Each structure stands twice: as structure tokens, then as C-alpha cells.
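Working notes for the structure below.
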Amino acid sequence: MTKVVKEESSSDEDIPLARHSSSSTKPQTIKKKLDTPVKANKRNLSTVKKQRTTEASDDDDIPLARRRSATAKEQPIKEESSDDDDVPLAKRKPVVTQTKSLKRATPVKAESAPTNKKPKKEVKVEEDVYRWWEQEMENGAGDNGLDDNGIKWTQLSHNGVLFPPEYVPHGIQMKYDGKSVKLTPEAEEVASFFAALLESDHGANPTFQKNFFEDFQKVLAKSPKNPKMTSFEKCDFRPMWQKFELDKERKKQMTKEEKLKIKEERIAVEQSFIYANVDGRKEKIGNFRIEPPGLFRGRGDHPKTGRLKLRVYPEQITLNLSKDSKIPPALPGHKWGKIVHDQQATWLATWKENINDTSKYVFLSANSSWKGQSDMKKFDKARELKGHVDRIRKNYTNDLKDKLTETRQRATAMYLIDRLALRAGNEKGDEEADTVGCCSLRYEHITLESPNTVHFDFLGKDSIRYENSVQVETQVFKNLRLFQKQVGPGNAIFDRLTTTGLNKHLNNYMPGLSAKVFRTYNASFTCQQQLDKLTSKTDTIHDRILSFNRANREVAVLCNHQRAASKSHGQQMMKIADKLRATKYQRMKLRKQLFALDKSIKKRRPNLAVDESDLEDDWIKEYDIQTIEKEREKAKVKFDKQNDRLKSEGKAPLPKSELQDKLKKVDELKAQLDKERKTGKVEVAATMNVEKLLAKIEKLDERINATKIQATDKEENKEISLGTSKMNYIDPRIIVAWCRTYEVPMEKVYSKTLVEKFRWAETIPDDWKF
DNA sequence: AGCTAAACTTAGCAGTCATATA
DNA sequence: TATATGACTGCTAAGTTTAGCT
């Protein structure tokens, strides 16, 4: 272990993070990411990741102490302001405030009908929003019958669920053993499911193929009209696949009107399913569409991937409604399985899927009051942990040395969950993909390197690979070594620990505390701390947003939220670099003109005397050549175009000499560029003066800066997914407060749906801190 | 105490939409 | 004007937690 000094280390150590090495530091430069994850591809591919190198050592020696001081520091600050945020929802008096915010984005343009330009934004009447967070809490204690007993509603009505249309056979035949075969509609549908995935990863996955084919054979056997198929290899789904490709193509070719019509029809069908009525309020439903039949697309190495997911009928569905509401119609000729009136539940409909026999639910959407309230509760709970975390850390640090193995395992796991933001890690069955979290880590998932480095390498949720090397406390290292030895290869490291047991223990510290709260807490804490550290009021708006993305990224790295880098990433980076050089080149020319006009300015404005970086002669030459080529091309194209037009108007074409003249001009330009390169001087246009040049240079500086930022951001982001942490882990109040402090519009950091989802967070005072 | 299942949150992928670019 | 890309959304799989049962 190397001890490496890091500038500003002390301010850094508060970070509870596993991997804060990746980004940060220099703004506006493309950082060489030597210490950044390098991944060939998303999952299961070998990756080289070196993390948490250096500065860790320092902080590992006394991590808790440091963190404690961090929390202690911040705590008092907010206690006051948060006052009302801490009041449990249960204590709030429900008041329906229907605020109608009429959003007129753009005035509708005069109805000049078939202009191809579509209206910029339709006038959107925002629905009545139940602003549950605007209630006053004059009720002292939990005297509000409705809340604390788990009752979620008194009145609930909705129109049920929307079923996918029945299958319409297309008649395109697949081949078996080289011959076209006729299938019953049911079999054709299943064959089509596979055909559609022919060129995807699923289609090439042997497990997927095997599971599909087994289920397909069963469907075939249901009717004697179907041929018998015994070998998947003899199946040729290509004709169907081709048909679907053609369909896609046709769909693309549809005119705007046709597309619009389809969209309108869809909306008309959805209409009655969009909202539920909850205690007199209109609330949006999230997923009222019943999942269509298809092939189960399990992630990673799922043993059941490819199995046939059956069509769902009303008979399998249970609806949750209040007794007084009318029961919506089921499909014609069908009946609902069951109607219940479960006031403790927030689901509107439920059914069992046939693959894993698990329940599916229809819930309200993310911006509904139920989801919003539970989201707020979640973040308040995470915030509450701040007040307990010191004690918890102290205790588990002590427990690391407990003589009871069970206790030591629990303490060690808590350390990992706290330090690395690992998931709890429930046990999984044979019928599921082999993935793990903290409690289910097995022998082979960690490698120990003396004196205290732990290398993690395992597949977590969604079979996303977690690869990380961390320096841990000596006692943690010792424990892990011992546990590993005790359990042996293939076995769970924490063999005496279950998630239930862990959570029970956690609950003793604080009601409602469970393993996942640590993830939320650490994510939000990190975000707050990084934002404070990275943003400055002197930054431009671009810089501020970059800082925001950095903070966001830090959290995403901590939580291991990944995405596949786009295939063209490298190319795109090169393109940006080129654009940057072109701008710099322009700037250089302006500077030269400036000096020609005013020699003294070099002295007065020494920063203007500095040459542009990485502008090499070879590059300039090449760039000039390309410029000339483009100009020639442009001249020709323009000439041809003009002639075409003249011809169609029955007029005489332009004389060839016209083109010659133009090309001559380009030649002159070439000569000028050549000369400029040779002499290093740039001719000054007659209309130019010092002021104009300075203004132009300033413009270019801005552009250069913006491009640099763009490049940095892109590079740092290429395989990290920011969305998941933004949506689920970062307390939106942190972001709201930051946006206000730094005068950044919320829309710059939240998409429209997220703005709506987190509306409740907008009521905080400006100085709110997590 | 351990197991199962219900209920709800979290997650990446895959389409769709919007916008920049050629 | 068409195409390519990236952003955003919808979808649904895959987690966590807790309650209830044996």
C-alpha cells in the first residue's frame, strides 16, 4: 500500500465513497483517465479498474473518525431549516389544494393549416395536481386516523387495465428443414416472438434458444395441424424476421399525417385508463397496460430466459377498488378474477406471471402523491440516519472484534454496506441468475491482498459486474481472511448472516433502518458534499452544470450504475477535438490580425500573446487543404444547382466562365492561405478594427471553453449511467437548493418527468442541506 | 427460526422522440 | 431533407423489506 499525498486530501476524506478517484479535479481539460474504469464492454468482460488508490490509505486508517467529524460539522447547520420536513407525513392534515397551473408554453400559431411545421408545443393544460406537500401541520400528535394505521385511501376507483390486442396472423411462413411450414395462429405467434429477436443477443443465446424451443414445441403439439419439429437447428425464422424488418421500414416511411393518426388512435384508446380516482383526486396511473405475451428476456445468465410468457386474461387479474366504485368492464366475454377493497394497498390491479410465478402490479405513476410521499419518507429516513451513523459506525467497528462469529460477520458486512454502498444481497434460488450482494458474497468474489486490500469481482443486480479494489480497515481484512478460510471455495463468506438478521439488527438503532437506507444515505451525502466542493459562484453556467454532472457521476460510480459505451464514442471524441482545433485556428488568425493593427496590444494584453495549444503546422496545412476542397465542391454544387433551376424554367444556363471565375476565387483563397502559412502573417480586412477583433476573439474563447467542457463531460460519462442515481438515490431537495443557489434552472438537470416527480421537493428553504 | 409471498423500489434495455448534422 | 445520435420514456426484470405462516 502506498501512501500518496493528495492535494486537498482532508476535505476529501469525508466522502464515504468507494470510488471517488474517478472524476473530480480539473475542470475543462480532458483528463487522462489513468485511474478510471476502463471497460471493454458492460458485463462479464474483463475490465481493468483501478480505484480508490492512493488517498484511500490515508482515510482508511481513520475513516470513521474523519467521517464523524464530517457529519458532526454539517449536522447543526440544517437541523433548524429542516424543521418542517421532518414531520412525518402521517401527522399532516390532508388538504386538497387543487392548483391549476395553466401552462401556455407557446401561443398557438394562427391556423394556417397544412404548413409542414408542426406547432411548437401544443397548449398544454396541466392537470390538477394534488399538492400534498403544501399542507399545514397544525395537528400535533398522530391524531389523524387516516394516516398511521396504514390506510392509504378511503375511495378508489379506476377503469381497470388495458389488454394488448389479440394476435392477428400475418401468414408468413417459417421454414423447417428447408421447407415452408404452415402453423396455427397460436404457433405462428410464438415463432414470431423468436423471429423478431433473431438478430439480437437473445436470439444468439443458447439458453434462450433452448427455452424458447421447448415452449415452442409444446405449443406446436397443441394442434395436429402443426408440423412436428424436433431440432431447433432446422428452424429458419428468417422469412418472418425479414417481414418484420420490412414492416419497420414501412413504418418509417409513413407520412407525418399517418403517424399522427396512429398516435391519436392510441391516445384515444388509452384515454379512460390514464387516471385513477383517489379520494376525489385524479391521479395518474403508471402502468395500466397489461404486459403483452412474448419471450421472457431474463438478464445475464438467467436459467429461464427465452421461456414463453403467456397472454394475460381478466380471469387472472385482481382489481383493487373501493366498494362504492363501479366495476370496470373486463374484456368482452371475460370476467375479472377477483375484486378486492384493500385500503392498505396502493396497487390498483395485480396478477401472476407464468415464468417465475411472481406478482405483477399496476401502481400509480412516479409523480403521484403515493409515490411522492413514500419517496419523501425514504429520503427523510436516509437523512435521519445522519444522526445515528456515528454511533452505528462506532459499534460495528467494535463488533469487528467480537468473539461471536455471527456478530463479527454482521459487523464486517455492515462495514462493506456502509463503505461501499453494497446492496443487502438476499439469497437466490437455482431458478434465477447467479448474482450476489453483500450478505450473499461468496469465497470467489473477493481476493485479498496483504496488507489490507480487498479486490471485489462479482455480478450484482441485473448481472452488472462490480469490480473494485479497496483498502479496508485491518480488522475487516483479517475478518474476511478468516471467514474465507472457514467457509472455503464456493460458499458464502458470511455464512451466519442473513439480510433479515442484518435488518433486524439495524432496526434496533433506528426505526425503519435497513441496509438499503445506507445506500440512499451515502449517495445523497456524497452528492451534497461534492456539489458544495465543486461549484463556485464565479463559474459560468456551463461550468456549474459540469460540476453538477461530476457530483452526479461520483454518486453513480459509488452505486455502480453502468451503461454500455456507445460504439462510436472514440470517433465522436476525435470529432470534438477537431472542432476544437478549428476554432483555435480561427482564433490564432484573429490574434495575428490584431497584432498587425496594434503592435502594442501584445504588451498591454499579454494573455493574447500566448499561442493556441496543440495547433500544429501539419494539422493547419491539412485543414487548409480540406477547406479549399470544400470551397471548390461548394462552388460546383451551387453552379449546377443554379443551372438546374434555370433549365427547369426554360432559361439559358450560366456560362462555364461563371464557374471558372468562382473557382479562380477559391484559387486565390488557396494562395492566400498558402501565403499566410509561409509568412505567418494574416492579412487584415479593410473593415476590421481592434474592437471588432477583440470581440470576435472573446466569442471564440467562449466557444473553445464550451467545446472543452463538452469533451470532458462526454469522456467522463461514457460508461456511467447518471439517471438511476438521479431518479432513486439523490435527495431532490439537494438539487433544488443547489439550483437556487447557483441560479441554474431545474430543467438543466432534471428531465420533464423528473421535475414533476420531485415537485414536492421545491418547498424547501434556499439554504436546505441534506 | 426459517420460509414464503406480498408489496414496493430500483435497474438497465430497448424503443421513441427530438435535435443536431450532413 | 434525410439521417444519425443522443436524450428521454416506457417497459418489465430484478432487487429489498416485511408480514404472516408453519
Side-chain angles (χ1 to χ4, degrees), chain A residues 42-43 116 118 120-121 150 152 196-197 200-202 248 251-253 259 263 266 286-292 294 296-300 302 304-305 309 318 320 342 344-347 350 352-353 355-366 370-371 374-375 377-378 423-429 432-433 435-440 459-464 498-504 506-507 512-520 523 556 559-564 566-569 571-572 575 579 630 714 717-718 721-729 750-754 756-757:
Chain A
K42 251 184 131 112
R43 56 177 62 166
N116 43 5
K118 63 174 172 197
K120 252 202 157 151
K121 227 156 233 164
K152 301 287 183 10
L197 298 174
S200 71
D201 287 352
H202 295 298
K248 276 187 219 161
K251 202 177 162 196
K252 254 196 254 169
Q253 300 303 327
K259 284 181 187 165
K263 195 178 167 187
R266 182 170 50 85
N287 56 327
F288 50 81
R289 272 171 197 285
I290 290 297
E291 295 173 16
F296 174 68
R297 285 139 113 124
R299 315 256 170 98
H302 195 118
K304 292 186 177 179
T305 194
K309 197 168 108 167
T318 302
N320 195 19
D342 185 350
Q344 318 239 16
T346 65
W347 54 267
T350 182
K352 280 259 178 85
E353 49 88 31
I355 305 286
N356 297 300
D357 200 35
T358 59
S359 301
K360 300 271 187 170
Y361 299 88
V362 172
F363 290 113
L364 293 185
S365 68
W370 284 342
K371 295 285 188 193
S374 85
D375 233 27
K377 219 160 110 190
K378 172 182 78 182
R423 296 188 185 86
N426 286 302
E427 278 182 47
K428 297 193 71 188
E432 302 171 273
T435 62
V436 297
C438 184
C439 294
S440 50
L459 298 184
K461 181 178 180 180
D462 291 312
S463 295
I464 295 295
T498 63
T499 52
T500 312
L502 175 64
N503 283 337
K504 277 214 175 100
L506 291 176
N507 202 63
L513 184 62
S514 63
K516 84 195 264 280
V517 179
F518 279 87
R519 223 166 125 84
T520 312
C559 296
N560 200 37
H561 292 143
Q562 300 187 9
R563 65 166 184 185
S566 83
K567 321 128 228 142
S568 52
H569 176 83
Q571 257 178 35
Q572 286 165 22
K575 226 160 104 186
K579 192 170 109 190
K630 273 186 211 155
K714 197 183 190 85
N717 247 346
K718 68 175 172 193
S721 163
L722 302 185
T724 305
S725 51
K726 211 188 272 188
M727 171 138 80
N728 300 304
Y729 287 102
Y750 276 152
S751 69
K752 203 183 94 211
T753 38
L754 283 188
E756 273 169 35
K757 168 174 163 142

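Everything numeric here is computed off the predicted structure, so don't read it as measured data. Throughout, protein chains are lettered first and strands after them, A, B, ... in sequence-line order, and every chain is numbered starting at 1.
Heavy atoms of Lys263(A) sit nowhere under 4.0 angstrom from any nucleic acid atom. Nucleic acid contact class of Lys504(A) (heavy atoms, under 4.0 Å, all strands): none. Across all strands shown, Ala515(A) has heavy atoms under 4.0 Å from sugar-phosphate atoms exclusively, and none from any base. Using a 4.0 Å heavy-atom distance criterion, Asn426(A) is classed as a base contact. Here Gly437(A) lies out of heavy-atom contact (under 4.0 Å) with every strand. Among the atoms of the strands shown, none is found under 4.0 Å from any heavy atom of Gly723(A). Counting non-hydrogen atoms under 4.0 angstrom, Thr498(A) reaches nothing in the nucleic acid.
In this entry the distance linking CZ of Arg299(A) with P of dA14(B) reads 8 Å, nearest Å. Rounded to an integer number of Å, the gap from CD of Glu291(A) to P of dA14(B) is 16 Å. Computed from coordinates, the Phe288(A) CZ to dT9(C) C1' distance equals 13 Å when rounded to whole Å. One atom, NZ of Lys304(A), and another, C1' of dA13(C), lie 13 Å apart when rounded to the nearest Å. Atom pair Leu513(A):CG and dT18(C):P shows a separation of 9 Å (rounding to whole Å applied). The NZ-P distance, from Lys752(A) to dT19(B), rounds to 12 Å in whole Å. Between the C1' atom of dG15(B) and the NZ atom of Lys252(A) lies a distance of 12 Å, rounded to the nearest Å. Between the CD1 atom of Ile464(A) and the P atom of dA14(C) there is a distance of 12 Å, rounded to whole Å.
Side-chain atoms of Lys378(A) come within 3.5 Å of backbone N or O of Asn728(A) as a donor-acceptor pair.
Taking all atoms of both residues into account, the shortest heavy-atom contact from Leu506(A) to Ser514(A) is CD1-C, 3.6 Å. When all heavy atoms are compared, the tightest approach of Lys309(A) to Glu291(A) is NZ-OE1, 2.8 Å. In this structure, Asn503(A) and Ala515(A) approach most closely via the heavy-atom pair OD1-N, 2.9 Å.
Residues Lys360(A) and Asn287(A) are not in side-chain contact: their nearest non-hydrogen atoms beyond the backbone lie 4.5 Å or more apart. In this structure, Phe296(A) and Glu353(A) have side chains that are not in contact, with every pair of non-hydrogen atoms separated by 4.5 Å or more. In this structure, the side chains of Thr318(A) and Trp347(A) come closer than 4.5 Å at one or more pairs of heavy atoms. Side chains of Ser721(A) and Gln562(A) form no contact here, defined as non-hydrogen atoms less than 4.5 Å apart. The shortest distance between side-chain heavy atoms of His302(A) and Asn356(A) falls below 4.5 Å.
Helix-axis bend for the helix from dA1(B)-dT22(C) to dA22(B)-dT1(C): the local axis fitted to the five terminal pairs at one end deviates from that at the other end by 10°, rounded to 10°.
Residue Lys428(A) places at least one side-chain N or O under 4.0 Å from the OP1 or OP2 atom of dG15(C). Contact annotation: Lys309(A) reaches the phosphate of dA13(C) (side-chain N/O to OP1 or OP2, under 4.0 Å). Note on Thr753(A): a side-chain N or O is less than 4.0 Å away from OP1 or OP2 of dT9(C). Taking only side-chain nitrogens and oxygens, Arg289(A) comes nearer than 4.0 Å to OP1 or OP2 of dC11(C). Under 4.0 angstrom from either OP1 or OP2 of dT9(C) there lies at least one side-chain N or O belonging to Ser751(A).
When each of Arg266(A) and His202(A) is assigned the nucleotide of DNA chain B with its nearest heavy atom, His202(A) is the one assigned upstream, toward the 5' end. Each of Arg297(A) and Thr500(A) has a nearest nucleotide on DNA chain C; the 5'-most of these lies closest to Arg297(A). Residues Leu754(A) and Thr499(A) each lie close to DNA chain C; by heavy-atom proximity, the contact nearer the 5' end of the strand is made by Leu754(A). Nearer to the 5' terminus of DNA chain B, by closest-nucleotide assignment, is the contact made by Lys251(A) (compared with the other of Lys251(A) and Lys579(A)).
Residue Lys504(A) qualifies as open at atom NZ: its count of foreign heavy atoms under 6.0 Å is 12 or below.
With Thr435(A) as the fixed residue, the side-chain contact (heavy atoms from CB on, under 4.5 Å) test singles out one of Lys428(A), Arg423(A), Lys461(A): Lys428(A).
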*Tell me, for nucleotides 5-10 of chain B in 5' to 3' order, what letter each nucleotide earns: B for a base near a protein heavy atom under 4.0 Å, S for only sugar-phosphate near one, - for neither?*
-SBBBB
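With distances taken from any side-chain atom of Asn287(A) to the nucleotides dT17(C), dT12(C), dG12(B), the minimum falls on dT12(C).
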